[in-house]
Number of protein chains: 2
Amino acid sequence: MTRPPARPRRADALRNYERLLAAAAEAFAEHGPQAPLDDIARAAGVGNATLYRHFPTRQALLEAVYHDHIQSLCRRAEDLASAPQPAAALMSWLKGVVAQGSAAHGLAASLMAAMEGPAESWCRKAVSDAGAALLARAQEAGEIRIDITVRQLLKLVNAIALATEDEPKPEEADLIFDILLNGLRTPSGQRAEA
Amino acid sequence: MTRPPARPRRADALRNYERLLAAAAEAFAEHGPQAPLDDIARAAGVGNATLYRHFPTRQALLEAVYHDHIQSLCRRAEDLASAPQPAAALMSWLKGVVAQGSAAHGLAASLMAAMEGPAESWCRKAVSDAGAALLARAQEAGEIRIDITVRQLLKLVNAIALATEDEPKPEEADLIFDILLNGLRTPSGQRAEA
DNA sequence: ACCTGAACACCGTTCAAGT
DNA sequence: ACCTGAACACCGTTCAAGT
């Protein structure tokens, strides 16, 4: 199970924590993942040092803000784990990752950073575990090339989300995603033993 | 023809300009494209305002530093323009873009920024014009899907370079690039009229 | 324990004064 | 024309003092 980041127990600390999350969510939505931390603290009616106490890095704050989105992605992976067509299930899930990443400005950047950051990251573990099951099944079915790892796949997908982010036309993301899916299919001559 | 950024004519100004370029090249190579501009000015033995005078934005400095790399990419595109196999020529060129982008830390980021930035950017125009010829020929030959644009393609390729940058194993970049190429082939049923 | 504002350090940008 | 260092603004991080 993925362990949500520890919340404070004392009443006032918890209240500040929640306010910071709400303010950060709004700031990230409006100004992107680079929104000034001081502004977030001020909007939350809290000292800037308090923000830093609860969230030691910007990445920690981002992952906390997008916690629900991330968990939702993980849950969706579980739902798809026993879908009849393994490759289609993987594709559908990846499409969701891109869609969420494009919709929630900052999520794609967070996921990308998580994939490149330390392996102990909660977010990185949760999402890559979720994807790993889908990928393995699609690979065992011989539908997806076996030489790609979850991490590479997620980096690639997030790179696409970032590259097409704030693009006026959503079909551009669809097209590029389509190209990726096309490329993921097992090349001729390469088959898993299944 | 692509017009290199205007150089100063006065002797002292030109000398400062060159020194800034050399210092910036070293700083970007060592500390990445986010290297502090003040450090670059100091290393060049020049006031920081002088740097800003010559290069109004960081992007302008980056494009000037990588000017030779960019021109080299454009020249290579010209060389490939009449290669016997259009699709192979395009692929070979794109592979070069990724290779250069991964080798020269900061170039990939510059190209990506150029593709997303204003259309008037010198760098953006030069590179996309170079690629456009190769892409068009491969599409007319019916080998590459017709629904992708140069800009999308370059964004995608640079996203890959960024995603695999400073990755220990170079074969990772190769793999992901291979996936992309696989995906670019014309899907069944879609053919250009030639 | 937890909070706070002020202090500090850093970096990009602008400006008044120089040649 | 061009250069310069200082001034300014901004933002992240740390700290001494408070409850």
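Residue numbering restarts at 1 for every chain, and letters A, B, ... go by the order of the sequence lines.
- The heavy-atom pair separating B:Ala138 from B:Pro86 by the smallest distance is CA-CB, 3.7 Å.
- Between A:Glu116 and A:Arg124, none of the side-chain N atoms (NZ, or NE/NH1/NH2) sits under 4.0 Å from a carboxylate O, so this pair counts as no salt bridge.
- Salt-bridge formation is detected for the pair B:Arg42/B:Asp39: a Lys NZ or Arg NE/NH1/NH2 atom is positioned less than 4.0 Å from an Asp or Glu carboxylate oxygen.
- Contacts with DNA chain C (heavy atom under 4.0 Å) in residues 52-59 of chain B: B:Tyr52, B:Arg58, listed by number.
- Here the range on DNA chain C touched by chain A, meaning any atom under 4.0 Å from one of its heavy atoms, is C:dA1 to C:dA6.
- Salt bridge present: A:Glu18 and A:Arg7 bring a charged side-chain N and a carboxylate O closer than 4.0 Å.
- Taking 4.0 Å as the cut-off between side-chain N and carboxylate O, A:Asp12 and A:Arg15 do not count as a salt-bridged pair.
- One finds the CG atom of A:Leu21 at 5.0 Å from the OH atom of A:Tyr17 (value rounded to the nearest 0.5 Å).
- Partners of B:Tyr52 under the ring pair (Phe, Tyr, Trp, His ring centres under 6.0 Å) rule, at least two apart in sequence or in another chain, do not exist in this structure.
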* Asked: Under a 3.5 Å cutoff on both atom distances, Watson-Crick or G-U, what's the dot-bracket for DNA chain D ([ ] crossing, | other strand)?
  -> ||.|||||...|||||.||
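- The two residues A:Val127 and A:Trp93 come nearest to each other via the heavy atoms O-CH2, 3.8 Å.
- Partner of A:Val97 under the side-chain contact (heavy atoms from CB on, under 4.5 Å) criterion, chosen from A:Leu153, A:Val157, A:Leu107: A:Val157.
- Residues satisfying the side-chain contact (heavy atoms from CB on, under 4.5 Å) test with B:Leu181, not counting sequence neighbours, are B:Met91, B:Phe177, B:Leu184.
- Within residues 25-48 of chain B, the residues that place at least one heavy atom under 4.0 Å from DNA chain D are, in residue-number order, B:Val46, B:Gly47, B:Asn48.
- Residue A:Arg185 holds its CZ atom at 11.5 Å from CZ of A:Arg145, rounded to the nearest 0.5 Å.
- For the atom pair CD (B:Glu143) and CZ (B:Arg137), the distance works out to 9.0 Å, reported to the nearest 0.5 Å.
- Within the 4.0 angstrom heavy-atom criterion, base atoms lie near A:Ala49.
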